[in-house]
Amino acid sequence: MNRKFKNLTLINKDKLYKLAYIDPITNLGNYNAYLERVKEKLEINSKKTMIILDIDKFKSFNKEYGHTKGNELLKRVGEEIKHLIRKTDIVCRLANDVFGIFLVGEVDVNNITERLNKNISRIYIGDRWYNIRISIGIYICSKEEKNIQSMIDKAIMAHDSIKGKYNVTYGVFTEEFEQKMVKENEIESMMIEGIENQEFEIYYQPQISTKTEQIKGAEALVRWNKDGKIISPGEFIPVFEKNHFIIKLDQYIYEKVCIDIQEMKEIFKEIPKISINISKESLFEKDFLEKYIKITNKYNVKPNDIELEITERTTVNDDKYMKGILEQVKEKGFGIAIDDFGTGYSSLIMLEVMPIDTLKIDKSFIDRIGINNKEVNLIEIIMLITKKLKLKTVAEGVEKSKQVEYLKKINCDLIQGYFYSKPLDFEAFKNYIKENKNKI
Ligand code: C2E
Ligand code: CA
Ligand code: CA
């Protein structure tokens with residue numbers, strides 16, 4: 001080949017390689033490069049560790065300081081990681097603010113995470129220091145393992161396991177995760193059939209007035225009846241929230257509850273307000289309210305018969321978008337309850353800003369009544385605030401008479417818990433209402 005052309009093809013090859021494998025921001029390898037390089041290392045007969053690392057709140061950093069600073073931060077983080085690992089180890093930027101690290105040989109997990117945290121927690125860019133937090137997921141690979149994607153998935157799972165945990169910066173994949181993954185896959189494979197076969201059933205848990213002992217409300221709680229075996233929502237709701245199937249399930253439950261309300265209205269002169277759990281994913285659906293109003297009308301149910309429960313985590317402080325949705329919901333006549341109050345990180349301002357009617361005090365507070373005075377003081381403070389804001393209060397998970405007495409004393413409005421009744425299937429719930437007819 002003519003020398004001139006030979007050079008040209010060399011340059012092009014080099015350029016092409018760069019395009020395909022090098023991340024221009026950090027000059028590290030990209031996702032493709034990571035897969036290739038890890039593959040080469042798999043042949044080595046020694047211990048290997050896969051690490052997924054990302055920067056907490058990187059989006060906010062970009063917003064606050066601009067993309068140029070954001071890119072600079074990625075570059076600096078890449079450099080710091082490179083300094084900390086051996087020449088024979090690998091670091092690549094896999095996507096956005098996600099780095100993949102692959103270590104060959106013995107690794108002291110505590111030591112490496114400590115060093116990563118220490119070196120990356122303060123980064124100097126251009127003119128000043130920035131405080132950064134990172135999250136790390138670790139998977140220690142077995143010697144025979146060859147499936148790189150599954151290794152990455154496991155490190156990501158370990159990473160996700162620390163989400164929302166205060167002051168925990170790394171998670172290590174364990175056998176439990178493996179079992180959880182198998183279970184999740186099993187749940188996912190059964191869910192569509194579950195709806196088609198009407199396997200999801202609704203149980204109702206009464207809410208009793210502290211003043212009059214009347215049944216003033218009930219919460220609809222889903223159960224999955226799989227061939228006679230009951231699967232509790234704690235097992236499948238988190239999976240459905242992840243894969244967004246919850247949107248379908250919430251709507252299905254909502255419709256079933258409306259059917260039950262219609263029936264109860266035909267039997268009883270008055271019925272308790274029914275609370276229905278709605279996930280964030282459902283609320284954020286574009287035509288959420290239209291769809292739900294349509295179902296409500298179909299069964300001659302009034303929004304006023306229903307209270308929608310959303311968890312505290314769904315309402316992030318004064319999130320304008322959320323507030324807009326809730327205002328529309330409220331305008332239609334639905335009640336709005338904040339669920340699990342006290343377990344999230346929302347500020348008290350949220351209570352004033354969001355158009356809510358009811359606050360559900362989480363069981364963790366109730367459990368401490370009579371045990372921890374500080375927590376009891378907290379419930380009293382919550383009560384003062386809710387009275388001032390004219391919110392109704394529901395205590396959740398009340399099991400003991402001592403708790404009931406105390407809640408009566410501090411004027412909590414409603415009590416929900418095993419003390420009065422476990423969640424009941426529809427037939428049992430109707431009987432419960434019949435037996436306590438004078439109490440509605
Ligand atoms: P949650 O909304 O906080 O519901 C209260 C949970 O506490 C229910 O668990 C209820 O059975 C349980 N509970 C009530 N009283 C007591 C008590 O005295 N002691 C104890 N130990 N537990 C009590 P469940 O039914 O297992 O539901 C778990 C979670 O699953 C619910 O927590 C809710 O977040 C979610 N969930 C349930 N049904 C639905 C649904 O239809 N849609 C959605 N999106 N989520 C649901
Ligand atoms: Ca609830
Ligand atoms: Ca709750």
Side-chain angles (χ1 to χ4, degrees), residues 187 191 194-195 198-208 217-225 230-261 273-285 288 292 295 306-315 334-344 346 356-369 382 392-404 407 412 414-426 428-429 432:
I187 284 173
M191 66 191 184
I195 291 233
Q198 312 232 4
E199 290 165 3
F200 294 98
E201 297 170 356
I202 296 158
Y203 279 57
Y204 294 90
Q205 188 173 35
Q207 297 171 336
I208 310 298
E219 177 175 5
L221 293 158
V222 65
R223 300 285 177 268
W224 188 350
N225 186 340
I230 303 287
I231 313 174
S232 85
E235 278 182 60
F236 58 85
I237 298 274
V239 182
F240 292 177
E241 281 175 345
K242 244 199 268 172
N243 65 20
H244 282 212
F245 188 70
I246 193 71
I247 297 171
K248 204 158 182 150
L249 183 73
D250 276 350
Q251 196 181 321
Y252 175 84
I253 299 297
Y254 186 83
E255 179 150 12
K256 281 206 129 192
V257 173
C258 283
I259 295 170
D260 287 351
I261 293 178
K273 204 183 253 287
I274 306 293
S275 304
I276 307 176
N277 293 286
I278 299 290
S279 64
K280 180 166 126 199
E281 289 74 12
S282 297
L283 271 181
F284 281 9
E285 271 265 286
F288 157 77
Y292 276 62
I295 300 169
I306 293 169
E307 185 157 77
L308 299 179
E309 279 191 18
I310 54 174
T311 56
E312 191 190 7
R313 277 178 292 280
T314 309
T315 50
F334 292 102
I336 299 174
I338 296 293
D339 203 356
D340 305 339
F341 184 76
T343 59
S346 61
I356 48 183
D357 306 277
T358 304
L359 203 70
K360 297 193 77 176
I361 303 168
D362 191 67
K363 183 173 187 296
S364 53
F365 286 96
I366 310 302
D367 287 345
R368 288 178 171 91
I369 293 176
I382 295 172
K392 193 172 78 186
T393 41
V394 181
E396 288 192 291
V398 178
E399 294 175 346
K400 302 186 180 104
S401 60
K402 198 160 70 182
Q403 296 166 338
V404 175
L407 291 163
C412 177
L414 301 184
I415 290 180
Q416 178 184 344
Y418 296 170
F419 179 79
Y420 284 109
S421 171
K422 289 202 166 182
L424 306 166
D425 66 36
F426 188 44
F429 180 56
Y432 186 90

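All heavy atoms count here, side chains included; hydrogens, waters and symmetry mates do not. Ligands are counted one by one from 1 in listed order, and the atoms in each one are counted from 1 as well.
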Using heavy atoms and a threshold below 4.0 Å, how should the contact between R223 and ligand 1 be classified: side chain, backbone, both, or neither?
side chain
With the threshold set strictly below 4.0 angstrom, can you tell me whether any protein non-hydrogen atom sits that near atom 34 (O) of ligand 1?
no
Is ligand 1 under 4.0 Å from a heavy atom in the side chain of Q205, in the backbone, in both, or in neither?
side chain
Nearest-neighbour protein heavy atom for atom 39 (C) of ligand 1, which is reported as residue plus atom name and distance
V222 CG1, 3.5 Å
Within less than 3.0 Å of the Ca ion (ligand 3), any N, O or S from D362?
no
Protein non-hydrogen atom found under 4.0 Å from atom 26 (O) of ligand 1
yes
Is E219 close to ligand 1, meaning an N/O of one under 3.5 Å from an N/O of the other?
yes
What closest approach, in Å, do P423 and R223 show between heavy atoms, and which atom pair accounts for it?
CG-NH2, 3.6 Å
Winner among F200, F240, Y254, Y418 once heavy atoms are compared against atom 16 (C) of ligand 1
Y418
Which residue and non-hydrogen atom of the protein lie closest to atom 5 (C) of ligand 1, and at what distance in Å?
E396 OE2, 4.0 Å
Which option out of P233, G234, S279 puts a heavy atom nearest to atom 36 (N) of ligand 1?
P233
Check the angle between the aromatic planes of W224 and F236 and answer parallel, tilted or perpendicular using the 30° and 60° thresholds.
perpendicular
Between the Ca ion (ligand 2) and E219, which N, O or S atom of the residue is the nearest one?
OE2
Can you tell me if Q205 uses its side chain to pair, donor with acceptor, with the backbone of S421 under 3.5 Å?
yes
Of the options K248, H244, K242, which is the one that meets E281 in a side chain to side chain contact (heavy atoms under 4.5 Å, CB included)?
H244
When rounded to the nearest 0.5 angstrom, what is the spacing between NZ in K402 and CD1 in I369?
9.5 Å
The closest protein heavy-atom partner of atom 6 (C) of ligand 1 is L221 CD2, 4.7 Å
For ligand 1, which atoms have a heavy atom of E399 less than 4.0 angstrom away?
17 (C), 18 (O), 19 (N), 20 (C), 21 (N)
In terms of heavy-atom contacts, Y432 and I208 come closest through OH-CD1, 3.8 Å
Using a 4.0 Å cutoff against the non-hydrogen atoms of G397, which atoms of ligand 1 qualify?
15 (N), 16 (C), 17 (C), 18 (O)
Is the closest side-chain donor-acceptor distance between T311 and D340 under 3.5 Å?
no
Roughly how far apart are D260 CG and F429 CZ, rounded to 0.5 Å?
9.5 Å
The answer for which part of I246 has a heavy atom under 4.0 Å from ligand 1 is side chain
Here the N/O/S atom of D340 closest to the Ca ion (ligand 3) would be OD1
Considering only N, O or S atoms, which atom of D339 is nearest to the Ca ion (ligand 2)?
OD2
Look at the side chain of Y420 and the backbone N and O of Q207, then say whether any donor-acceptor pair between them is shorter than 3.5 Å.
no
Ligand 1 atoms in contact with G417 (distance to a heavy atom under 4.0 Å)
15 (N), 18 (O)
Check whether any side-chain N or O of E309 sits under 3.5 Å from a backbone N or O of D339 as a donor-acceptor pair, and report yes or no.
no
Would you mind checking if E307 and K273 are paired as a salt bridge, meaning a charged N to carboxylate O distance below 4.0 Å?
no
Nearest protein heavy atom under 4.0 Å from atom 3 (O) of ligand 1, yes or no:
yes
Does only the side chain of D362 get under 4.0 Å from ligand 1, or the backbone, or both, or neither? Count heavy atoms.
neither
Where C258 and I295 come nearest, the two heavy atoms and their spacing
SG-CG2, 4.3 Å
Close approach, K360 and ligand 1, non-hydrogen under 4.0 angstrom:
no
To the nearest 0.5 angstrom, please state how far the CG atom of D250 sits from the CD1 atom of I278.
5.0 Å
Below 3.0 Å, any N, O or S contact between E309 and the Ca ion (ligand 3)?
no
Under a 4.0 angstrom heavy-atom cut-off, which atoms of ligand 1 come close to I237?
43 (C), 45 (N), 46 (C)
With heavy atoms under 4.0 Å as the rule, classify the contact between N277 and ligand 1 as side chain, backbone, both or neither.
both
Does the Lys NZ or Arg CZ of K422 fall within the cation-pi geometry relative to Y418 - under 6.0 Å from the ring centre and within 45° of the axis?
yes
With a 4.0 Å heavy-atom cut-off (strictly under), which part of P423 contacts ligand 1: side chain, backbone, both or neither?
side chain
Proximal atoms of ligand 1 relative to D340 (non-hydrogen, under 4.0 Å):
3 (O)
Indicate if the distance from the Ca ion (ligand 2) to the nearest N, O or S atom of N277 falls below 3.0 Å.
yes
Using heavy atoms and a threshold below 4.0 Å, how should the contact between D250 and ligand 1 be classified: side chain, backbone, both, or neither?
side chain
Please could you name the atoms of ligand 1 that I253 approaches to less than 4.0 Å, counting only its heavy atoms?
41 (O)
Looking only at heavy atoms, which two atoms of F245 and N243 are closest? And how far apart?
N-OD1, 2.9 Å
Side chain, backbone, both or neither: the part of K363 lying under 4.0 Å from ligand 1 by heavy atom
side chain
